[in-house]
Colleague: 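This structure is in structure tokens; I'll ask about it shortly.
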Amino acid sequence: MERLTIAVGSYEVNCSILSKEGKAYIVDPGQEGERIIGLLAKKGLEPAAILLTHAHFDHITGIAALQKAFPELPVYVHSADRKMFGHPFNQMPSEYASIGTPANLREADDISLELPELKVLHTPGHTPGGICYYLSEDKLLLSGDTLFARSIGRTDFPGGSMPEMLASLKKLMELPRDTIVIPGHGMFTTIGDEQDGNPYVM
Ligand SMILES: [Zn+2]
Ligand SMILES: [Zn+2]
């Protein structure tokens, strides 16, 4: 698949647009739905779905503009994160409006019906329904807020768990070393670099 990644919103979420045969799959549309719509138009891509790594406010608020422009657009999310939509704990800074529960929610695992090459790895710890998207052919992992370059996501938010996080990281460290990792925030890395240099997995 083709991939394009932009940092969106004041928390600089890495939003990746995966595309194949003119269809775009938007991972974590952050706060800048309008900008993403413009980018899709420029590239001649038609949005096929929104994929969420988890439902924290900084990863999801762009859904509102995307679904306003494309009302049928489905949103794939793990069921364990559904209760976070519109939850008071999940709308901290005032510049992020609450979007409530989006329409057309689908279970994350079901994206494989449409994109068999995309594997959904359940990696709880940062949130109960945290997932990573793995494209083995492209050697690419979109790790959300589970794994960062030399760091990991926080486990002290509601629903977070350090034991679950450590088990999730162990699972990710079994992927091939040359897998490129695009985290939910910050610099890209590889599984090998994290095996060697991330204090939480060494
Ligand atoms: Zn998060
Ligand atoms: Zn985040």
Side-chain angles (χ1 to χ4, degrees), residues 3-18 25-33 35-36 49-66 75-102 105 107-108 111 120-134 140-172 180-189 194 198-201:
R3 179 192 56 82
L4 173 82
T5 302
I6 55 171
V8 296
S10 37
Y11 283 68
E12 300 196 324
V13 166
N14 286 323
C15 165
S16 289
I17 297 169
L18 305 172
Y25 300 85
I26 304 142
V27 183
D28 289 353
Q31 198 188 2
E32 299 188 49
R35 179 175 163 210
I36 295 164
I50 293 168
L51 316 182
L52 299 180
T53 59
H54 64 298
H56 273 155
F57 67 92
D58 52 329
H59 296 251
I60 64 173
T61 47
I63 293 172
L66 280 157
V75 177
Y76 289 84
V77 63
H78 191 283
S79 52
D81 267 18
R82 283 191 185 203
K83 58 181 177 293
M84 287 165 53
F85 292 112
H87 195 286
F89 280 123
N90 195 23
Q91 19 180 305
M92 284 170 279
S94 56
E95 75 264 29
Y96 286 86
S98 169
I99 63 159
T101 302
L105 284 185
E107 184 52 41
I111 190 62
V120 172
L121 308 175
H122 184 209
T123 51
H126 178 65
T127 65
I131 54 181
C132 297
Y133 294 100
Y134 177 50
L140 182 70
L141 180 78
L142 305 178
S143 65
D145 288 2
T146 300
L147 177 64
F148 297 129
R150 304 302 186 271
S151 188
I152 60 172
R154 288 174 63 168
T155 56
D156 58 335
F157 294 129
S161 157
M162 187 51 104
E164 284 183 353
M165 171 60 91
L166 293 175
S168 294
L169 293 168
K170 202 171 162 203
K171 189 152 91 178
L172 296 181
I180 292 166
V181 179
I182 302 184
H185 306 261
M187 284 187 345
F188 299 3
T189 182
E194 296 313 303
N198 188 317
Y200 296 92
V201 306

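Numbering starts at 1 and runs along the sequence shown. Just so it is clear, the model here is predicted, and its values are computed rather than measured. Whatever order the structure lists them in is the order used to number ligands and atoms, beginning at 1.
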Colleague: Verify whether the ring centers belonging to H56 and F157 lie closer than 6.0 Å.
Modeller: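 Here the rings of F157 and H56 have centres that are less than 6.0 Å from each other.
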Colleague: Does H54 put an N, O or S atom under 2.8 Å from the Zn ion (ligand 2)?
Modeller: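 No, outside the cut-off.
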Colleague: Identify which one of I17, T5, L18 satisfies the side chain to side chain contact (heavy atoms under 4.5 Å, CB included) criterion when paired with V27.
Modeller: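 For V27, the side chain to side chain contact (heavy atoms under 4.5 Å, CB included) test succeeds with only one of I17, T5, L18, which is L18.
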Colleague: Which atom name would you report as the N, O or S atom of H56 nearest the Zn ion (ligand 1)?
Modeller: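 That would be atom ND1.
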Colleague: If I take every N, O or S atom of H126, is at least one of them less than 2.8 Å from the Zn ion (ligand 1)?
Modeller: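 A backbone or side-chain N, O or S atom of H126 is under 2.8 Å from the Zn ion (ligand 1).
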Colleague: Would you say the side-chain atoms of H87 pair up with the backbone N or O of R82, donor to acceptor, closer than 3.5 Å?
Modeller: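 Not a single qualifying donor-acceptor pair exists.
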Colleague: Which atom name does D145 have for its N/O/S atom nearest to the Zn ion (ligand 2)?
Modeller: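 Output for this pair reads OD2.
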Colleague: Counting only heavy atoms not in F188, do more than 12 fall under 6.0 Å of its CZ?
Modeller: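 More than 12 within 6.0 Å, yes.
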Colleague: Give the C-alpha distance, both sets of side-chain angles, the deciding distance and a yes or no for side chain to side chain contact (heavy atoms under 4.5 Å, CB included) between L66 and I63.
Modeller: CA-CA 5 Å; L66 280 157; I63 293 172; 5.7 Å; no
Colleague: Among the N, O or S atoms that D58 has, which is closest to the Zn ion (ligand 2)?
Modeller: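 Of all N, O or S atoms belonging to D58, OD2 is the one nearest the Zn ion (ligand 2).
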